[in-house]
Structures are given as structure tokens and as C-alpha cells.
Protein chains: 4
Amino acid sequence: MKLKDDKKVIQIFQAALKLVAKKGLSGITMGDISREAGIATGTVYVYFKGKDELINALFAACRENSVKVSFKGYQPQMPFKLAFKHIWLNILRYKLQNFEECVFLEQCYHSPFITTETREKALQLSAPFYELMMRGQQEQLIKSTDVGLLLTFIIGTINELVKQTHYGGITLNRSKINTSFDLCWDGLKA
Amino acid sequence: MKLKDDKKVIQIFQAALKLVAKKGLSGITMGDISREAGIATGTVYVYFKGKDELINALFAACRENSVKVSFKGYQPQMPFKLAFKHIWLNILRYKLQNFEECVFLEQCYHSPFITTETREKALQLSAPFYELMMRGQQEQLIKSTDVGLLLTFIIGTINELVKQTHYGGITLNRSKINTSFDLCWDGLKA
Amino acid sequence: MKLKDDKKVIQIFQAALKLVAKKGLSGITMGDISREAGIATGTVYVYFKGKDELINALFAACRENSVKVSFKGYQPQMPFKLAFKHIWLNILRYKLQNFEECVFLEQCYHSPFITTETREKALQLSAPFYELMMRGQQEQLIKSTDVGLLLTFIIGTINELVKQTHYGGITLNRSKINTSFDLCWDGLKA
Amino acid sequence: MKLKDDKKVIQIFQAALKLVAKKGLSGITMGDISREAGIATGTVYVYFKGKDELINALFAACRENSVKVSFKGYQPQMPFKLAFKHIWLNILRYKLQNFEECVFLEQCYHSPFITTETREKALQLSAPFYELMMRGQQEQLIKSTDVGLLLTFIIGTINELVKQTHYGGITLNRSKINTSFDLCWDGLKA
DNA sequence: GATGAATGAGATTTCATTCAT
DNA sequence: TATGAATGAAATCTCATTCAT
């Protein structure tokens, strides 16, 4: 990926995200992406060696962004439940506001585009979440079971909530958000 | 006279599921499917008008199957928590054992293949789950909040658990299954 | 071509003619023909070795029929102009009433289906027309020029008339038919 | 930057015409056309959305060309018979020299390719011919009957003449051309 | 003989990528 | 670098023909 024009990379990424959310990973072509991005097909190849590289780069960027956003404003000295809710809301907000990224990440999971290398790098980014949960366990506020299980539980909850919200199954408001958090917290708490 | 062979449809479905799980919805071709199913490419078109129709039909079949299996062995006279756990385990077992179907359903959601008609039919199949939750609320065993929210919570939990299990993040055993159920139930209970 | 069921051959021929008139020679398939004929695809192959043979057989049948019909009621002792008009009307009537056959014959002319053998046999059937024109020349009623040229002139006239009639460019009636004949006769007469 | 090349369209058209004349409309494939045109199959799709569009565009182009050529050198102040013969010869020459176009136009008439829209546009191009005949009628040189009928007579004559010439039934020379014109004119004249 | 499902070669079309400008 | 026409391999789909019943 050359660095001639960062704006173009962003245009390409946004075009790809928009199209994947609309038509799925299986439904997009390089032509679609370039058209949506407002540039020529050939130009995409100036920035990415090919479709695979583009998808992998976008996957990595989304993954990174999602983690960064999740911990925004997190202060380790905050009481645990407050900190947890802060992050929980960060994640929820991120997923709602960047739904396209979430869809993309999910679609990528089973695609032949993502290399194992990309996949592993993504996994490593989960470390801060593990640490957070372990802190909660040390403070005996949440169940002392397998941390992976707990994280799975939390993420699954949020994911489905976001999905249902976007597909109109649920209309979120402040009250429902709090209820959802309570469902999650009541499940977790020791 | 040769008659249309129901077994062929099943062969085609299974081939498609296997390939989607392995290579993603974007990675399968009609050629792949027919080869995997052990029939000629043209034969697939005897049973389905085209790729779209095939995918939609498979989607509907999977969706139907998942609901049918979930309620297997459910007796309305069972005490609620028992009944709920029975179904919860049914769903978990189904998703673990038919992971390919789950991946397929998920991949389809954002694909250009699934028509709104198919999507709506799928939605209607959720009715029994809504009824179950409402029973739990009437018996004042679970939180009296939006049922859609509760279902979302439950399904999200299971989905992520299955996903993590399959990708090696988690190695499930009886104890972890029970823990996961407890996380879910503790969240739900009134 | 086996002789098990003459009715089937006729059904197949009529189906083919109807479809060629509607969709052109390039637009018909063996499947279309059998469906239109109300029989199974495989059955067509009981009567014809393949598509080529079917088309060639139909071509020959149409060609033969057209000649036979043209001379119906022709009495050599009739005065020439009367005889000529009789045949001219026969041809016109035939082409109007069997428009599908005409379209078919015309479409076949440039198709790769018709073998040179079939083509030559068709040519031989023109002999009676040549003889008729030569009689007119002997009686010094029509121009004594190349007979092929005269026939070409006559047939071309009728063909285009039929075509225009069928495509709505012209609405034929007795008066217009007579006018058309006059155009032709005035051109021919010595 | 490479720009769309008008020459390519012409190459494609010529390739298609050549092949239709040789193998009929039913015998040509996009592959054949691109090969004959000396370009890649995919390139044809840069210029035409599909086979249908290609055929329709070629049909329109031929139709337009035929009319334009017919009136080449026509001066309204020429005496009618001279003008008429001039145009008659133009048409004959055009059809002889562009036999491929004629075959193509004829084959298209009953094909499923030509849309009604294309067909109607073609019809409108006949207007100048109608005007010419009406002039002849006003000058009382030709029969005052339905103009459509007269045109049909003229075109039919030429068409069949060209066809027979190409299929070896007739070997044209200056004398035969004049004879043919006389056949036509004697038929028309008042 | 009649049927229509099955076949696979071949047709149409798409699309990632290259290349000339 | 930017462009978009050109490419051709591969995908989707069609269809003449065969074959099992």
C-alpha cells in the first residue's frame, strides 16, 4: 500500500464498507468499489496489490479501530462496574454507529480472503478485554469462570442487539439500552 | 421414466453448506457445488432455476430446520426453567452440530441473494420463541421487558459461544455449557 | 424418421413452424418444440435423429407443399393469362395462409441447418414454374427475357406483399390483390 | 488514457455481418464475433451490454445505412423516371454490394433479438420512399394506387433479384439489370 | 415407444487485473 | 499517478442429446 494519497485509501475503504453492508462480501467487485469511491478501477491497484490485499487491509483497519474506540475514555482507576459499563456502551455505540464495519468483519470471518496471519493479528487485539475481565474477577464482582466464556457472552449479547436494531426487530432507546446492560451484568455478576 | 430425485436436492444442499462453511458464500460456484454433490453442473439447474434460487431455498430450509430442532422434545407442561433450558440446549446443540448451516445463514443475511420475501418468511418462524418467553414472563420467572430484547440476548449469547467454540477460542465441556446457561439465566431471571 | 405415429410428426412440425414464426430460427430449442408439441423431449428423437434432421425434413415438407398447392386446379388448356393468374393467386393464398411456413423457409435459407442436398432438391421443385413461364413466352404474351429473371420478379412481388400484409403495413382486400396482380402482369407482359 | 475506439464498433459489426451471412443468425456466438473481429470476448462487452444490444445496434445501423445510400446523388429536380431509376439502381447496387447487411436484416426480422422499439424506428426510415412514390403519382407517371403496395412491389422485386443473383440462380449483367428495371417500371407506370 | 431427468460441451457474461495513454 | 479500455480466465447458464425407467 503506497502512501501517495491517504484520502483515496479512505475513499476506497468507505466505498467497500458501504457496498459490503448493502450487498455482502460475495456481491462486490473491484469495479463496484472504484465506482462507489469515485475513482478509476486502475487507480485502486495503485493503492492495493489486489482485491485480497484490499480486503485484508480493511479488515485490519476495522479491527484496530473497534478496539481503539472501545477503550476510549477508560480510566483504570474508575470503579469496575462503572468502567465496564463505560466500555460496554463504547462497544455498543461503536457497533451501532459503524454497523457497516461490523457487517464487514463478520462477513470476512468465513471468507477465503482473510489470511491466517490477518486473523491472528486480530486475535491479539483482544488482550485488553481479557485484562479487563480478569480485573473484575479479582475484585470478586463477576463470576470466576473462564474469561473467554465471559467475553463471548458479552460480545454475543451486544452483537445480536446491534443486528436486531439495524434490522428493525428492535427500536433502541436509553431505557432498552440500560435493560440490555442489566441483562448482561446480571448474568456476569458474582 | 426417471423421476425427479429428492435425494439430489439434499445432496446439493449439503454440498453447498459444506463449501460455504469452508470457503464462504463469496467463494462458491455452481461448478463447485455440483462437483461436491457428485452430479453434473447442468443437473443443478434441473432442480433450481439459478444460483439465487438455490441459495434462497437452502436458506429457507436451514431456517425451518433450526426452529423445528429447537422445539424437539418440548412439552408445554414442563416447568418453565426446565423447558427453557431444554430448548436452550437444543439450540446450542443444533448450532454446534450444524455449524455449517449457521455460518450459511449468517453469511446470507447481508448477501444480495436473499430476497425480502425469503427474509420475511424466516422472521415469521420466530413466533414460537416469542410465545415461550411470554410464558416465562407470565409466570414471573424472567424479567418483564421487551421480549425481542430478551430473545436477542439469548440468541446472541449462544451464537457467539458456538462461534468461539468452532474457532478454537473455547473448548466446550459439560461444565462450561452449564456456566454459559447460568450466565444467560441469571441475566434473564426476574 | 420412423413411421410409428404420423400425428406426432405433424405435431412436431407445427410446433416448430409456430415457434420459428414467433421467435426465429435462432430462438428455438428442442425443448421449446417438444413442449409446444405437447410431447416429451426424448420423444422428438424417436422421430428425428436430431435437430438438423428435423429442420431439413420440415424444410423439404414445406417446399413440397408450397409447390403442390401452387398448381392446384391448374389446367394446361386454360388460356395463359387465366392460368397464370390462377397460379399467382394460389401462391399468394398459400403464403398468406401458411405464413409460418414461408418465414421458416426464408429463415432456413441462410442457416447452417439446411444441407446442400436439401437445397438442391428444393431447387428442382421449381421446374413447373419455369415451364409455365416458357409457355407464356411461346404464346408471346410475356417478355422474352431470362425466365429466371421473370420468376424472380414474380416471387419477389408476392413475397414482399405477404410480408407487408402480415406486419400490418398493408391491409389486403380483393381490390388490392387485383392491383398487385396488375402491377406484376403489366411488368411481365410483352 | 485509452479511449473507446469507434473503429472497434465497426470491426465488431463487420465481423457479425460476415458471420451471419455465412452461418445465419442462429449460428453465431459472441466468441465467434470477437474472434473474427480480432479482439477479446470481454471487449465486446465494453461496447455492447450483451448480444441483444449488439444485434439491435447493428440492425439499426444497417437500416440507416441502406436508406442513406439509396438516396445518394438524388436531386429532386431530376425528371421523375430518371430519379426513380437512379434510386432503384442505388438500392440494387447497395443490396448487391452489401449482401451481408441484407441477409442480416432479413434474418433479424423474425428473431427474438429485435425489440419493437428498434423495429418501429426502422419503419420510420421508410418515409422518403413514400414521398418519392407520391411525387410520381402527382406527376401521373405511375399508377395511383396504395403507395405501400407500390413500394412493396418494388422492394420485393429487387430483393428477390439480389437473392437469386447471390445464390447463382441468375448471373446479372447490365442488360439483365435493365430488363429487371423495365419489368418493374412497366408494372408501375400509369 | 414415451418420458423427462441427467449430462456436459459450449454459449453468454462477469470481473480481477493489466496496460496504453 | 490516474484513467478506463482491453483482456481472458472463470463463472453462470443453456441446450442438444442420451439414458434409465
Side-chain angles (χ1 to χ4, degrees), chain A residues 2-5 8 26-35 37-55, chain B residues 1-8 26-35 37-54, chain C residues 2-5 8 26-35 37-55, chain D residues 1-8 26-35 37-54:
Chain A
K2 286 149 205 159
L3 296 173
K4 274 284 141 183
D5 188 350
K8 286 244 166 58
S26 62
I28 55 161
T29 69
M30 293 298 264
D32 287 341
I33 294 171
S34 62
R35 202 172 310 115
I39 59 179
T41 319
T43 310
V44 177
Y45 285 83
V46 173
Y47 294 90
F48 300 97
K49 231 165 52 191
K51 197 180 185 182
D52 281 32
E53 193 178 294
L54 194 165
I55 303 274
Chain B
M1 187 181 74
K2 242 184 263 175
L3 281 174
K4 263 197 204 179
D5 183 358
D6 275 359
K7 253 191 298 180
K8 285 246 165 55
S26 57
I28 55 160
T29 69
M30 294 298 264
D32 288 341
I33 293 171
S34 61
R35 203 171 310 115
I39 59 179
T41 316
T43 308
V44 178
Y45 288 85
V46 171
Y47 293 87
F48 301 99
K49 240 182 16 213
K51 197 180 184 181
D52 281 33
E53 195 178 291
L54 165 52
Chain C
K2 285 149 207 162
L3 297 172
K4 273 284 139 182
D5 189 350
K8 287 243 166 57
S26 62
I28 54 160
T29 69
M30 292 299 265
D32 287 340
I33 294 171
S34 61
R35 202 172 310 115
I39 59 179
T41 318
T43 310
V44 177
Y45 286 83
V46 173
Y47 293 89
F48 300 98
K49 228 164 53 189
K51 197 181 185 182
D52 282 32
E53 193 179 294
L54 193 166
I55 303 273
Chain D
M1 188 182 75
K2 242 184 264 177
L3 281 174
K4 263 196 203 178
D5 185 357
D6 275 359
K7 255 190 297 179
K8 287 245 165 56
S26 58
I28 55 161
T29 70
M30 293 299 264
D32 288 342
I33 294 171
S34 62
R35 203 171 310 115
I39 59 179
T41 317
T43 308
V44 178
Y45 287 84
V46 172
Y47 293 87
F48 301 98
K49 244 181 16 211
K51 198 180 183 182
D52 281 33
E53 195 177 293
L54 165 52

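Each chain gets a letter, A, B and so on, in the order the sequences are listed, and its residues count up from 1.
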Rounded to whole angstrom units, what separation is found between the [atom1] atom of [X] and the [atom2] atom of [N]?
X	N	atom1	atom2	result
D:D5	F:dT7	CG	C1'	15 Å
A:K8	F:dT3	NZ	C1'	11 Å
B:R35	E:dA9	CZ	P	13 Å
A:I28	E:dT14	CD1	P	17 Å
A:I39	F:dA2	CD1	P	8 Å
A:Y45	F:dT7	OH	C1'	13 Å
D:M30	E:dT13	CE	P	6 Å

Using 0.5 Å steps for rounding, measure from the CD atom of B:E53 to the OH atom of B:Y45. 11.0 Å
Where each residue is assigned the nucleotide of DNA chain F containing its nearest heavy atom, which of D:G38 and C:G31 is assigned the position nearer the 5′ end? D:G38
I'd like to know whether B:D5 forms a side chain to side chain contact (heavy atoms under 4.5 Å, CB included) with B:Y47, so could you lay out the CA-CA distance, the side-chain angles of the two residues, the decisive distance to 0.1 Å, and finally the verdict. CA-CA 9 Å; B:D5 183 358; B:Y47 293 87; 3.5 Å; yes
Of B:V44 and D:G42, whose nearest nucleotide on DNA chain E comes first from the 5' end? B:V44
Using a heavy-atom cut-off of under 4.0 Å over every strand shown, decide if A:T29 touches base, sugar-phosphate, or nothing. sugar-phosphate
Categorize A:T41 for me: base, sugar-phosphate, or nothing, with a 4.0 angstrom heavy-atom threshold over every strand shown.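 Base contact.
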Would you say that D:L54 contacts D:M30 through its side chain, given a criterion of any heavy-atom pair below 4.5 Å between the two side chains? yes
In terms of heavy-atom contacts, D:K8 and D:T43 come closest through CD-CG2, 4.2 Å
Which atom of A:V44 lies closest to which atom of A:S34, heavy atoms considered: CG2-CB, 3.7 Å
Residues in residues 46-54 of chain B with a heavy atom under 4.0 Å of DNA chain F, by number, are B:G50, B:K51
Which one, F:dA16, E:dC15, F:dT3, comes nearest to the side chain of A:A40?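 So the side chain of A:A40 is nearest to F:dT3.
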Could you work out which one of E:dA6, E:dT13, E:dA5 sits closest to the side chain of B:K4? E:dA5
Can you find a side chain N or O atom of D:T43 that sits less than 4.0 Å from OP1 or OP2 on F:dA5?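 The answer is no; no side-chain N or O of D:T43 sits under 4.0 Å from OP1 or OP2.
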So what is the 5' to 3' dot-bracket string for DNA chain F, if pairs are Watson-Crick or G-U wobble with both distances under 3.5 Å, crossing pairs use [ ] and | means the partner sits on another strand? .||||||||||||||||||||
